[in-house]
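What follows is a single structure, written as structure tokens, with notes after it.
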Amino acid sequence: MDAQGAENGTIRYGFGAWVADPSRNCLSRIDTDHEDETHHNKIVTVTARAMDVLVVLLESQGRVVGKDELMDRVWQQRSVTDDVLVVCIYELRKALGDKARSPTFIETVFRRGYRFIPTVRIMTTRPLVLGSSHPEPSDEDRIDAAPQGIPSDPQLGRSNWIAASIAATLMVAGMTTGIGTPGAPSEAPTDNKTLLTASSTHGDPKLETDSSERAVDRTVDRTVEKAMGSWLAEARTALRRRTPESLDRAEQRFARVVEVRPHDARGYAGLARVATLRADLRLGDRFQLYHQARQSAERALELDPESADAHLALATIHLLFDWDFPRAESQVLKALDIEPRNPDAFQVYSWWLSCRSRHDEAVDASRKALALEPQAPNRFADLSFMLSFAGRGEEAVLYAQNALDLQPLHGSANAAMIAAQLVRGDERSATARLHPRLRSTHRDVMRRGRESSQADFWTSLGVLLERAPDDHELVSRAAVHAQAGEIERALGYLERAYERRDWEILWLDRLPGLAPLYEEPRFRKLIQNRESLAAHP
């Protein structure tokens with residue numbers, strides 16, 4: 001709240017069993033006559049714009065507020081369409097459990113605007129007055145008539161309208177005790193039937209109003225559904241690109257869905273998918289990201305048990321973080337049962353099959369994902385990885401090249417090609433593919449990369465990893481040291497990766513470069529611990 005609001009104290013609005021708190025953008029329903037927080041049995045958060053619209057309606061209680069006036073006072077001459085107002089009214093009705101056809105709170109007055117129906121109480125908790133040892137008591141002024149004297153200046157912000165509303169309230173209170181001025185405006189009609197009759201110029205007012213309200217309701221539904229569809233489509237397209245920028249865009253769109261429709265499972269499921277992909281790409285703390293993903297996915301399933309994306313997000317968490325193979329399989333099969341043509345579900349299932357050493361089945365599942373999205377570079381890259389883990393290097397190179405043909409700078413496609421070349425035994429080609437990455441990072445690395453142009457792949461990879469933080473690429477560091485004969489250091493890196501639940505541990509005995517460690521007791525213990533955790537997570 002601004003300085004003026006702070007000076008006046010915290011201002012809330014009561015109507016019926018509800019209290020609106022603009023300072024927190026929330027609506028509270030109480031089950032007693034006290035305005036104590038402990039008595040609240042429901043608190044609903046709304047968007048800031050929706051609360052601004054509500055405040056205008058509350059301050060104009062009993063008066064029909066036109067659409068243009070609402071747009072001017074809330075958006076203040078910003079270039080927006082009328083749809084934003086329709087969405088805000090829809091959000092407020094959802095939060096209050098109101099219905100457009102038989103409203104209790106917000107009435108649509110055909111061709112005129114909106115009117116707030118219940119009597120409104122303005123409640124202010126005033127701060128301590130200077131020179132007094134006691135704070136002033138709380139005010140609870142009842143507005144029994146429409147405050148027609150409030151100025152209609154579109155430049156006034158929320159705090160100015162609060163002050164104007166208080167002044168209008170005192171004026172109304174004066175009129176009720178006989179201290180009003182001659183010619184004071186009469187009360188606005190509070191009876192719905194009277195108001196609706198006044199707004200209709202011909203025909204049966206009830207039939208015309210019912211028809212208009214149904215039309216408005218249909219317009220609201222179409223507008224909201226259109227917006228939801230657009231945001232969800234944009235978010236899912238961005239998800240498939242799997243870049244930091246695209247994940248930011250996807251998160252913004254899914255967050256808007258949750259903001260406008262807090263009970264829409266699709267928004268929460270999408271946020272869960274964003275968090276799992278960020279964790280997989282190491283774009284933040286993996287423990288925190290997987291925790292966020294789990295919360296969002298579970299919330300989505302509370303709202304819609306048939307949310308395939310929520311089941312898929314949980315499958316990813318159970319597989320790549322919990323290493324809980326039974327629950328991961330159960331969740332991914334649920335997702336496929338709900339959406340049999342979901343390419344992401346087939347891809348996660350292929351990961352599960354691969355880390356269970358069912359490589360041929362994993363390749364088949366990955367092919368199904370590719371068939372459903374034949375122009376997606378990441379589908380070719382994922383299939384290439386599955387082929388590499390199956391030891392089919394020649395085929396893996398072909399699919400990695402297909403991914404690079406579609407998008408030459410695709411990070412996963414480049415990594416898939418390097419893995420495929422190593423499986424095929426072509427370390428020279430893998431080394432050459434690393435050098436552009438070496439030259440693009442730092443002058444010192446570029447110089448050392450050129451000097452080591454004749455060295456093998458593992459030496460070049462070690463040069464590249466020197467520029468990465470110490471806790472990144474632990475399994476790759478282990479492979480470099482294993483190839484250099486530094487077994488203790490290699491095992492130390494793997495044990496750190498195990499403690500952090502790095503997903504590479506799932507394919508520990510299939511990754512190139514770790515062969516020198518296969519017979520080491522500490523390496524075998526890591527494999528056993530992983531299997532034991534998977535059986536008893």
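What you are looking at is a predicted structure, and each value in this text was computed from that prediction instead of being measured.
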For residues Asp304 and Ser307, is any side-chain donor paired with an opposing acceptor at under 3.5 Å?
no
Taking side chain as C-beta onward, heavy atoms only, is His318 less than 4.5 Å from Arg294?
yes
Where do Glu373 and Arg367 land on the salt bridge (charged side-chain N to carboxylate O under 4.0 Å, His left out) test, with the steps shown first?
CA-CA 10 Å; Glu373 284 188 340; Arg367 287 188 192 278; over 6 Å; no
Whether Thr237 side chain and Ala233 backbone form a donor-acceptor pair below 3.5 Å
yes
Check whether any side-chain N or O of Ser330 sits under 3.5 Å from a backbone N or O of Pro326 as a donor-acceptor pair, and report yes or no.
no
Minimum heavy-atom distance between Leu465 and Glu473, given as atom pair plus value
CD2-CB, 3.7 Å
Does Ile106 offer a backbone N or O that forms a donor-acceptor pair with the side chain of Arg93 under 3.5 Å?
yes
Under 3.5 Å, is there a donor on one side chain and an acceptor on the other for Gln76 and Asp72?
no
From Leu491 atom CG to Leu526 atom CG, the distance as rounded to the nearest 0.5 Å
7.5 Å
Step-by-step side chain to side chain contact (heavy atoms under 4.5 Å, CB included) determination, Asp382 to Met386
CA-CA 6 Å; Asp382 284 335; Met386 296 301 102; 5.6 Å; no
Before giving the answer on salt bridge (charged side-chain N to carboxylate O under 4.0 Å, His left out), spell out for Lys334 and Glu329 the whole-Å C-alpha distance, their side-chain angles and the decisive distance to 0.1 Å.
CA-CA 9 Å; Lys334 284 180 182 177; Glu329 181 188 26; over 6 Å; no
Is there a donor-acceptor pair closer than 3.5 Å between any side-chain N or O of His311 and the backbone N or O of Pro305?
yes
Give a yes or no on whether the backbone of Arg273 and the side-chain of Thr276 come within a donor-acceptor separation of less than 3.5 Å.
yes
Min side-chain heavy-atom separation Ile43-Leu27 under 4.5 Å
no
To the nearest 0.5 Å, what is the distance between CD1 on Ile89 and OG1 on Thr108?
7.0 Å
With no hydrogens and no angle check, just 3.5 Å: does a side-chain donor-acceptor pair link Glu234 and Ser230?
yes
Side-chain donor-acceptor pairs under 3.5 Å in residues 346-353, sequence neighbours left out?
{"residue": "Gln347", "atom": "OE1", "partner": "Ser366", "partner atom": "OG", "Å": "3.4"}
{"residue": "Gln347", "atom": "NE2", "partner": "Ser350", "partner atom": "OG", "Å": "2.8"}
{"residue": "Gln347", "atom": "NE2", "partner": "Ser366", "partner atom": "OG", "Å": "3.4"}
{"residue": "Ser350", "atom": "OG", "partner": "Gln347", "partner atom": "O", "Å": "2.5"}
{"residue": "Trp352", "atom": "NE1", "partner": "Phe325", "partner atom": "O", "Å": "3.0"}

Can Val53 and Tyr114 be said to form a side chain to side chain contact (heavy atoms under 4.5 Å, CB included), step by step?
CA-CA 10 Å; Val53 170; Tyr114 301 97; over 6 Å; no
Any donor-acceptor pair under 3.5 Å from Tyr290 side chain to Phe321 backbone
no
Is there a side-chain contact between Gln331 and Leu312 in this structure, where contact means two heavy atoms from C-beta onward sitting under 4.5 Å apart?
no
Can you tell me how far apart OG (Ser384) and CD1 (Ile418) are? Round to the nearest 0.5 Å.
11.0 Å
Is there a donor-acceptor contact under 3.5 Å linking the side chains of Tyr268 and Asp309?
no
Output for pair (Leu508 CG, Leu517 CG), nearest 0.5 Å, gives 8.5 Å
CD-CG distance between Glu499 and Leu494, expressed to the nearest 0.5 angstrom:
11.5 Å
Any pair counted as ring-ring contact (aromatic ring centres under 6.0 Å, His included), so long as it reaches residues 475-506, sequence neighbours left out
Trp323-Tyr498, His481-Tyr493, Trp503-Trp507
Indicate yes or no: at least one non-hydrogen side-chain atom of Leu232 is less than 4.5 angstrom from one of Phe254.
yes
Considering only heavy atoms from C-beta outward, does the side chain of Arg282 approach that of Asp502 to under 4.5 Å?
yes
Leu506 backbone acceptor or donor facing Arg530 side chain under 3.5 Å:
yes
Looking only at heavy atoms, the pair that brings Trp458 and Pro512 closest together is CH2-O, 3.6 Å
Of Val480, Asp426, Thr431, which meets side-chain contact (heavy atoms from CB on, under 4.5 Å) against Phe457?
Thr431
Applying side chain to side chain contact (heavy atoms under 4.5 Å, CB included) to Arg278 and Asp248, what does each step give before you reach the verdict?
CA-CA 10 Å; Arg278 279 202 172 123; Asp248 287 342; 2.4 Å; yes
What distance do Gln252 atom CD and Leu247 atom CG have between them, rounded to the nearest 0.5 Å?
11.0 Å
Just one of Glu520, Glu519, Lys525 clears the side-chain contact (heavy atoms from CB on, under 4.5 Å) bar with Phe523, so which one?
Glu520
Looking only at side chains, do Tyr399 and Arg392 share a donor and an acceptor under 3.5 Å apart?
no
Answer yes if the side chains of Glu339 and Asn342 hold a donor-acceptor pair under 3.5 Å, and no otherwise.
yes
Cation-aromatic face contact Arg510/Phe389, 6.0 Å, 45 degrees:
no
Find out whether Asp509 and Leu514 are in side-chain contact, i.e. whether some heavy atom of one side chain is under 4.5 Å from a heavy atom of the other.
no
Candidate pair Arg424 and Glu394, rule salt bridge (charged side-chain N to carboxylate O under 4.0 Å, His left out), full reasoning
CA-CA 6 Å; Arg424 190 174 64 173; Glu394 293 292 342; 3.6 Å; yes
For residues Arg501 and Arg286, report the shortest heavy-atom separation together with the two atoms involved.
O-NH2, 2.7 Å
Asp364 vs His359, test: side chain to side chain contact (heavy atoms under 4.5 Å, CB included). Steps then yes/no.
CA-CA 9 Å; Asp364 289 341; His359 298 294; over 6 Å; no
Compare every heavy atom of Ala255 with every heavy atom of Leu271, then report the nearest pair and how far apart it is.
CD2-N, 4.1 Å
For a quick check under 3.5 Å, do Arg240 and Asn378 share a side-chain donor-acceptor pair by atom type?
no
Glu91 side chain to Thr47 backbone, donor-acceptor under 3.5 Å:
yes
Quick check: do Leu85 and Trp75 have side-chain heavy atoms less than 4.5 Å from each other?
yes
Quick one: does Arg49's side chain have a donor or acceptor within less than 3.5 Å of a partner on Val74's backbone?
yes
Below 4.0 angstrom, N of the basic side chain to O of the carboxylate: do Arg433 and Glu427 qualify?
no
For Ser23, is there any backbone N or O sitting under 3.5 Å from a side-chain donor or acceptor partner on Asp21?
yes
Do Met51 and Arg24 have side chains that get closer than 4.5 Å, going by heavy atoms?
no
Nearest non-hydrogen partners of Ala369 and Pro343, listed with the distance
CB-O, 3.4 Å
Specify the closest pair of heavy atoms between Arg249 and Ala238, including all atoms of both residues, with the distance to one decimal.
CB-CB, 4.4 Å
